[in-house]
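Please read the structure below before turning to the comments.
If you're wondering where the values come from, they're calculated on a predicted model, not measured in any experiment. When reading the values below, keep in mind they use all heavy atoms of this one structure, side chains included, and skip hydrogens, waters and symmetry mates. Here, residue 1 is the first one in the sequence, and each next residue gets the next number.
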Amino acid sequence: MILYPKEYVKNVTKISYELLKKNCLEGIILDVDNTLIDIDKNFLEGVDVWCQDLKKIGIKFYIVS
């Protein structure tokens, strides 16, 4: 089976609750490198707030690397 993305966003913080709900997703799996942190190992701007907002609305997320 080959999977292709149906949605593209500029960075992870652009994944909205509405987008997750529209696709019937209750959780997401995230990579650390170049997803949550940049090439210099700094958190992307707003990612901390985005993660807290996901937790508040009940979206589960797992971080792997």
Side-chain angles (χ1 to χ4, degrees):
M1 173 192 316
I2 299 174
L3 300 174
Y4 294 99
K6 294 180 183 177
E7 300 281 343
Y8 294 90
V9 293
K10 186 173 181 176
N11 71 46
V12 71
T13 63
K14 302 300 181 197
I15 300 173
S16 66
Y17 172 70
E18 291 79 16
L19 180 62
L20 296 172
K21 186 174 179 177
K22 178 178 97 173
N23 289 287
C24 301
L25 299 173
E26 297 176 3
I28 54 177
I29 300 170
L30 302 165
D31 180 40
V32 174
D33 300 324
N34 297 321
T35 302
L36 299 176
I37 62 172
D38 63 18
I39 197 164
D40 297 319
K41 299 188 186 250
N42 298 309
F43 275 111
L44 296 177
E45 184 177 336
V47 83
D48 52 341
V49 173
W50 178 78
C51 287
Q52 291 299 322
D53 289 347
L54 284 183
K55 288 196 305 191
K56 286 178 188 174
I57 59 176
I59 299 294
K60 296 176 177 104
F61 61 96
Y62 301 90
I63 300 171
V64 296
S65 186

For this session: Give a yes or no on this: more than 12 heavy atoms of other residues, nucleotides or ligands lie within 6.0 Å of atom CZ of Phe61.
Result: yes

Exercise. Has the side chain of Asn11 got a donor or acceptor atom that lies under 3.5 Å from a matching backbone atom of Thr13?
Worked result: yes

For this session: Kindly give the heavy-atom pair with the smallest separation between Leu25 and Ile59, and that separation in Å.
Result: O-CD1, 4.1 Å

Exercise. Taking atom CG of Leu44 and atom CG of Leu36, what is their separation to the nearest 0.5 Å?
Worked result: 7.0 Å

Exercise. Are the side chain of Asp38 and the backbone N or O of Asp40 linked by a donor-acceptor pair below 3.5 Å?
Worked result: yes

Exercise. Would one find more than 12 heavy atoms of other residues, nucleotides or ligands at under 6.0 Å from atom CD1 of Ile57?
Worked result: yes

Seminar exercise, completed: When rounded to the nearest 0.5 Å, the distance separating CD of Glu26 from CG of Leu20 is 10.5 Å

Exercise. In Å and rounded to the nearest 0.5 Å, what is the CG to CD distance from Leu54 to Gln52?
Worked result: 9.5 Å

Problem set entry | Residue pair Val12, Trp50: steps toward the side-chain contact (heavy atoms from CB on, under 4.5 Å) verdict | CA-CA 9 Å; Val12 71; Trp50 178 78; 3.4 Å; yes

Problem set entry | Interatomic distance, Thr35 atom OG1 to Ile29 atom CD1 [nearest 0.5 angstrom] | 12.5 Å

Exercise. Out of curiosity, Glu7 CD to Ile15 CD1, how far, rounded to the nearest 0.5 Å?
Worked result: 10.0 Å

